[in-house]
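Report on the structure given below.
Sequential numbering from 1 along the given sequence is applied to the chain's residues.
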Amino acid sequence: MPSKTLHFPSPRHLHSLYAGHEENLLHAERMLGVKLVSRDDWLKIEAGAAPLALAESLFAFLDEARAQGMSIRTPDFHRIADTFARGEGDQLRALLDRPLVIATNRKSIVPKTLGQKLYLQSMLAHPVVFGIGPAGTGKTYLAMAAAVSALLKNEVERIILTRPAVEAGETLGFLPGDLREKILPYLRPLYDALHDMLDAEDVTRLTEKGIIEIAPLAYMRGRTLSRSFIVLDEAQNTTPEQMMMFLTRLGEDSRMVVTGDITQIDLPRAKQSGLLEVRHILADIPGIDFHTFSAADVVRHPLVQRIIEAYDSYRNPIGTEAGTEDKTSS
């Protein structure tokens with residue numbers, strides 16, 4: 001049987017291409033119809049001519065993805081191997097032909113998972129993008145980085161960052177202080193991310209000039225936002241009316257990214273989340289794209305991914321009626 005041996009710089013380098021789990025090589029064997037043998041820093045492929053070439057292309061893609069900063073995890077490996085097995089590897093190669101790196105003043109930001117790469121590609125291709133998924137997937141951070149990059153490249157004239165001032169059932173009127181002091185805690189995560197990408201002096205200067213605006217969602221009512229990059233964070237806490245109000249603010253040459261986690265809805269039980277509803281309404285409209293992250297895209301401490309998966313299993317146990325209890329309690 002024909003065979004080919006691929007050599008890599010080190011055993012660690014090779015292991016990183018299949019997330020360090022031998023079970024992933026077995027998955028690739030099943031999907032591609034090949035035999036894979038891994039030792040030290042080499043990988044031997046045994047198969048007929050066509051499957052052998054396919055497996056070689058798969059590992060060439062994984063190696064290039066790694067070189068571009070992507071961290072390959074088990075779900076990523078499965079997704080990529082399955083795509084190659086279907087003969088659709090060219091669609092993934094397009095991601096590498098145009099390396100996705102977001103340059104800001106303080107750092108260059110590289111998407112670290114396949115899901116993050118597809119999300120960023122979607123933001124570059126669509127005027128309105130929804131990023132939906134659990135905490136730690138980078139959905140808001142990447143959206144803000146894309147906004148800062150667009151501003152620095154003069155693709156937009158201003159950045160508007162907003163989120164609903166609703167969390168854990170609290171009402172602004174009962175909080176101490178003036179209006180600014182009341183809303184600041186809700187907006188602090190956006191300021192923190194912004195300071196990670198721009199010098200503090202630049203953040204202050206651009207904010208004072210109104211080039212960067214960070215405000216509660218209620219401040220968007222009645223406005224038309226042109227030549228802007230607009231990010232709505234924590235969108236699971238919008239009502240359907242607020243979601244419609246926000247989306248209809250879109251003006252000429254503007255881009256919108258809406259991010260949220262549908263497992264973390266803090267609205268009163270009687271109120272429906274606008275983020276849950278909007279996908280059913282806008283799913284088939286050209287120019288609008290929905291990107292869903294999973295626990296596999298979490299780039300925080302590895303325990304965060306396991307915590308999310310454990311909660312998913314608890315809320316949607318096998319054998320219940322499609323997790324109906326979870327849906328009614330959200």
Side-chain angles (χ1 to χ4, degrees), residues 102 104 119-120 122-132 139-166 172 179-180 182-184 186-191 193-194 197-198 202-260 267 271-291:
I102 309 173
T104 66
Y119 176 54
L120 181 53
S122 179
M123 285 193 283
L124 297 175
H126 299 89
V128 179
V129 173
F130 290 80
I132 303 170
K139 56 188 184 296
T140 301
Y141 193 85
L142 284 175
M144 293 185 62
V148 170
S149 178
L151 181 68
L152 295 176
K153 293 177 181 178
N154 294 316
E155 295 173 358
V156 296
E157 294 176 353
R158 57 183 172 161
I159 295 172
I160 298 172
L161 308 172
T162 184
R163 61 187 337 197
V166 176
L172 287 176
L179 182 60
R180 185 179 182 280
K182 288 179 179 181
I183 64 177
L184 188 59
Y186 297 97
L187 305 177
R188 176 56 64 190
L190 301 179
Y191 279 103
L194 205 55
M197 302 168 194
L198 295 170
D202 290 332
V203 174
T204 301
R205 176 176 57 84
L206 294 171
T207 302
E208 288 176 349
K209 288 184 175 183
I211 295 173
I212 295 178
E213 179 181 349
I214 305 178
L217 179 60
Y219 283 34
M220 300 299 110
R221 191 174 298 278
R223 303 173 62 183
T224 299
L225 307 174
S226 302
R227 292 279 298 162
S228 304
F229 198 119
I230 312 142
V231 179
L232 169 60
D233 187 33
E234 299 288 348
Q236 74 275 6
N237 289 328
T238 61
T239 63
E241 294 79 13
Q242 287 175 325
M243 179 63 75
M244 180 181 176
M245 178 275 290
F246 173 77
L247 293 172
T248 53
R249 301 308 94 202
L250 184 67
E252 186 177 0
D253 296 325
S254 286
R255 295 151 66 183
M256 277 184 172
V257 180
V258 178
T259 68
L267 291 168
K271 290 188 178 181
Q272 166 80 326
S273 167
L275 187 61
L276 283 174
E277 180 187 73
V278 72
R279 188 163 202 161
H280 302 292
I281 299 173
L282 304 181
D284 299 322
I285 296 183
I288 299 178
D289 190 45
F290 289 83
H291 183 91

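Put simply, CZ on Arg158 and CD on Glu213 are 6.5 Å apart, with the number rounded to the nearest 0.5 Å. Between the CG atom of Leu267 and the CG atom of Leu276 there is a distance of 9.5 Å, given to the nearest 0.5 Å. Here the OH atom belonging to Tyr141 is positioned 14.5 Å from the OG1 atom belonging to Thr259, to the nearest 0.5 angstrom. If you take CG on Leu161 and CD1 on Ile230, they are separated by 10.0 Å, rounding to the nearest 0.5 Å. Atom CE of Met197 and atom OG of Ser149 lie 10.5 Å apart (nearest 0.5 Å). Interatomic distance, CE of Met243 versus OG1 of Thr238, reported as 3.5 Å (0.5 Å rounding).
Between the side chain of Ser254 and the main chain of Leu250, no donor-acceptor pair closer than 3.5 Å is present. For the pair Tyr119 (side chain) and His291 (backbone), a donor-acceptor distance under 3.5 Å is absent. Listed for the Ser273 side chain is a donor-acceptor partner under 3.5 Å among the backbone atoms of Leu275. A donor-acceptor pair under 3.5 Å is formed between the side chain of Thr162 and the backbone N or O of Ala215.
Ala147 and Phe229 make their closest contact through CB-CD2, 3.4 Å (heavy atoms, listed as atom of the first residue, atom of the second, distance). Across every non-hydrogen atom of Ser228 and Leu225, the tightest pair is OG-C, 4.1 Å.
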* To do: For side chain to side chain contact (heavy atoms under 4.5 Å, CB included), just list the numbers for Met123 and Leu142, CA-CA rounded to whole Å, side-chain angles, deciding distance to a tenth of an Å, and then say yes or no.
  => CA-CA 9 Å; Met123 285 193 283; Leu142 284 175; 4.2 Å; yes
* To do: Apply the test side chain to side chain contact (heavy atoms under 4.5 Å, CB included) to residues Leu232 and Leu247: give CA-CA distance (whole Å), side-chain angles for both, the deciding distance (0.1 Å), then the verdict.
  => CA-CA 10 Å; Leu232 169 60; Leu247 293 172; over 6 Å; no
* To do: Apply the test side chain to side chain contact (heavy atoms under 4.5 Å, CB included) to residues Leu190 and Val231: give CA-CA distance (whole Å), side-chain angles for both, the deciding distance (0.1 Å), then the verdict.
  => CA-CA 10 Å; Leu190 301 179; Val231 179; 5.8 Å; no
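Asp202 is linked by a salt bridge (charged side-chain N to carboxylate O under 4.0 Å, His left out) to Arg205, counting only residues two or more places apart in sequence or in another chain. Residues forming a salt bridge (charged side-chain N to carboxylate O under 4.0 Å, His left out) with Glu157 (at least two apart in sequence, or on another chain): Arg227.
Between Arg163 and Pro189 there is a side-chain heavy-atom pair separated by less than 4.5 Å. For the pair Val129/Lys139, no side-chain contact is recorded, criterion being any heavy-atom separation below 4.5 Å from C-beta on. Counting heavy atoms from C-beta outward, Leu206 and Ile159 have side chains that stay 4.5 Å or more apart. You'll find the side chain of Leu217 stays beyond 4.5 Å of the side chain of Glu234, heavy atoms only.
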Going by atom type alone, with no hydrogens or angles, which donor-acceptor pairs under 3.5 Å involve a side-chain atom of residues 277-289 and a protein atom two or more places apart or on another chain?
unit_1, atom_1, unit_2, atom_2, d
Arg279, NH1, Thr292, OG1, 2.8
Arg279, NH2, Thr292, OG1, 3.4
Asp289, OD2, Ser122, OG, 2.5

